[in-house]
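Notes follow once the structure below has been shown.
In each ligand, atom 1 is the first atom listed, and ligand 1 is the first ligand listed.
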Amino acid sequence: MRYVLSYLNPYKYKLIVNLIVKSGATLMELFLPWILAYVIDSVIPTENVPSIIIFGVIMLLCSGLAFYGNVVANRMAARISSDAIKTLRDDGYSKIMNFSNRTVDEFKIPSLVSRMTTDTYHIYRMFNVVQRIGVRAPILLLGSIFLMVMIDLSLALVLIALLPLIAIVIYVISRRGVPYYSQLQKELDSLIRIVRENIAGIRVIKALAKEKDERIKFEQVNRAVSKKERSAGYVVSMLNPMMNFLLNMGLIMILYFGAIRVSQGLSQTGSIIAFLTYFTLILMSFLALNRIFLMYSRASASANRIIEILQREDAFEIIVSEAIPTDLHIEFKNVDFSYNKAKNHIENISFQIKRNQTFGIIGSTGSGKSTIAQLLLRFYDVDQGQILINGKDIKSYDLKELRSKFGVVLQNDVLFSSTVSDNIRFGRSVDDESLSEAAEMAQASEFIDKLNEKYGQEVLRGGANFSGGQRQRMLIARALADHPEILIFDDASSALDYKTDADLRNRLRKSGMSTVILIAQRVSTVLSADQILVIEEGRIVGLGTHAQLIEDCDVYRELVELQLGGREYVNAA
Ligand code: ATP
Ligand code: MG
């Protein structure tokens with residue numbers, strides 16, 4: 001919590017000013033009943049109208065100042081809290097953006113999302129409330145007690161005897177309520193997770209007629225949430241009526257003992273009236289303090305979740321290594337890698353790609369093709385072996401420099417809600433010419449030109465207003481637009497028809513602008529590559545040209561026969 005509180009440090013002076021303004025306003029409020037008592041007891045009996053008016057004006061001034069001071073202080077509080085939380089969110093966000101995929105896997109995406117949204121909001125509220133009532137409540141509480149003692153000691157003692165009872169009631173109720181609330185938060189997390197997953201996958205769920213199963217799953221969490229809500233509600237709903245009851249008891253006691261004392265000439269009417277107000281203020285401040293306590297405990301749980309992000313040390317280490325002169329563009333040397341350290345997902349992978357070559361990777365689903373691409377981009381670090389680009393270990397490149405070499409279309413790559421041209425440019429300085437060139441090459445220009453707004457056409461989130469093939473072509477254009485050194489297409493043409501796919505590969509080959517890595521399950525996509533890597537369960541089972549592989553790789557030959565049918569295709573390359 002202290003770490004999160006340090007985000008308030010830059011606002012130290014503002015906080016102090018705020019504290020002073022707030023205390024001033026609160027003191028004004030505190031004096032009002034006291035002045036009232038004085039007026040009733042000592043001024044009115046003199047029937048001196050001018051001085052009654054003067055005191056009236058003083059009271060008006062006090063309440064005006066209290067109002068104004070409170071408004072100013074509350075606004076400042078809102079401003080300070082939102083500024084501090086903004087910095088906190090910025091820090092968290094840039095930290096997450098630099099996380100390795102391994103760390104993201106560990107935190108899980110929905111959890112990162114809720115940490116950045118709900119949790120930061122809890123802290124914002126806590127900052128705000130502490131500034132607003134954290135100062136006010138103690139002053140009102142202690143001030144009221146002090147003034148009551150000053151006005152009438154014996155009557156004050158009667159009420160002060162009640163205070164421990166009030167404190168115990170609040171403590172017991174909150175203590176029973178808090179665990180319910182933290183359980184509720186957990187149940188809510190799973191509710192959110194299920195809603196997110198189902199809404200994202202609503203089409204699949206409908207297509208597979210799984211609505212009923214999903215409905216049942218949802219019902220279960222939904223019921224759990226409302227059960228927890230009810231339990232927490234039952235306990236906490238005791239609090240307000242109980243406080244009202246105690247308030248009324250206190251008021252009755254004041255009136256009762258007050259009346260006795262007034263009739264005995266020991267107290268005055270004005271003090272009784274002031275006491276009524278002070279007692280109400282005391283109860284209010286108790287409740288306020290309790291609220292701060294609840295909010296603090298919730299916020300400190302949130303703070304821990306955010307600190308986990310902020311203090312996570314996860315930078316990729318940049319090592320120093322000299323380039324060895326070579327004509328190879330990319331080289332994998334005996335690479336092993338595991339996502340979970342349980343079993344190797346990639347084992348002993350070695351291959352070499354020359355500049356401007358096209359390299360195909362083929363293998364069945366889950367064989368490790370995408371993993372190779374992710375390692376090359378250094379989304380994960382290899383466990384064993386080495387990956388070299390231009391003769392230099394990828395670990396020795398600055399991450400930005402390394403990744404700027406690549407144009408990639410990854411599996412499940414996404415379009416953002418923006419325009420077509422923004423999606424292709426993707427924040428890079430790509431001039432109009434390169435933009436339309438890339439679209440042309442990706443064969444996206446044919447449909448973009450037909451759009452009403454052309455490149456200015458709105459793209460909905462995830463590209464929902466475009467077809468699968470159109471989306472893929474835009475993604476391909478995005479990968480091409482920056483004239484990258486290395487192109488990686490991971491399953492990028494799966495939604496393209498065969499002819500478009502073939503055209504694209506032809507153009508890529510002719511342009512000769514980059515080294516190209518084509519990852520596919522379709523033989524037809526890789527068959528004309530300069531080299532093809534066949535991978536099975538993370539191991540190389542074949543490496544060579546189409547013709548070579550047909551000769552000496554059984555797995556590849558089977559794939560060809562299965563996918564391309566007759567023998568005539570076998571020699572197509
Ligand atoms: P596909 O053709 O279906 O895309 P692929 O060859 O690209 O398959 P990879 O994505 O490389 O397959 O996955 C290889 C193996 O690694 C799979 O067994 C998969 O379960 C596992 N794997 C992939 N990503 C992760 C991850 N983030 N955490 C844990 N295991 C993973
Ligand atoms: Mg894959």
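Side chains of Arg125 and Ser81: no donor on one and acceptor on the other come within 3.5 Å. With 3.5 Å as the limit, one finds a donor-acceptor pair spanning the side chains of Asp431 and Ser434. Defined by atom type and a distance below 3.5 Å, a donor-acceptor pair is present between the side-chain atoms of Asn340 and Ser338. With hydrogens and angles left out, the side-chain atoms of Ser445 and Glu440 include a donor and acceptor closer than 3.5 Å. Counted by atom type alone, Thr515 and His329 present one or more donor-acceptor pairs between their side chains at under 3.5 Å.
Every pair tested for side chain to side chain donor-acceptor pair (under 3.5 Å) that includes a residue from residues 451-460 fails, sequence neighbours excluded, so the list is empty.
With a 6.0 Å cutoff to the six-membered ring centre and a 45° limit on the axis angle, Arg478 counts as a cation-pi contact of Phe426.
For ligand 1, the 4.0 Å heavy-atom shell takes in Asp105, Tyr339, His345, Ser364, Thr365, Gly366, Ser367, Gly368, Lys369, Ser370, Thr371, Tyr380, Gln411, Gln521, ordered by chain and residue number.
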What side-chain donor-acceptor pairs closer than 3.5 Å can you find for residues 391-410, not counting sequence neighbours?
{"from": "Asp393", "atom 1": "OD1", "to": "Lys395", "atom 2": "N", "distance (Å)": "2.8"}
{"from": "Asp393", "atom 1": "OD2", "to": "Gln386", "atom 2": "NE2", "distance (Å)": "3.0"}
{"from": "Ser396", "atom 1": "OG", "to": "Asp393", "atom 2": "O", "distance (Å)": "2.7"}
{"from": "Tyr397", "atom 1": "OH", "to": "Ile389", "atom 2": "O", "distance (Å)": "2.7"}
{"from": "Asp398", "atom 1": "OD2", "to": "Lys400", "atom 2": "N", "distance (Å)": "3.4"}
{"from": "Asp398", "atom 1": "OD2", "to": "Glu401", "atom 2": "N", "distance (Å)": "3.4"}
{"from": "Arg403", "atom 1": "NE", "to": "Leu377", "atom 2": "O", "distance (Å)": "3.0"}
{"from": "Arg403", "atom 1": "NH2", "to": "Arg378", "atom 2": "O", "distance (Å)": "2.6"}
{"from": "Ser404", "atom 1": "OG", "to": "Lys400", "atom 2": "O", "distance (Å)": "3.4"}
{"from": "Ser404", "atom 1": "OG", "to": "Glu401", "atom 2": "O", "distance (Å)": "2.8"}
{"from": "Lys405", "atom 1": "NZ", "to": "Glu485", "atom 2": "OE1", "distance (Å)": "3.3"}

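Panel detail: the Mg ion (ligand 2) has protein N, O or S atoms under 2.8 Å away, 2 in number.
In this structure, Ser370 and Asp490 approach most closely via the heavy-atom pair OG-OD2, 2.6 Å.
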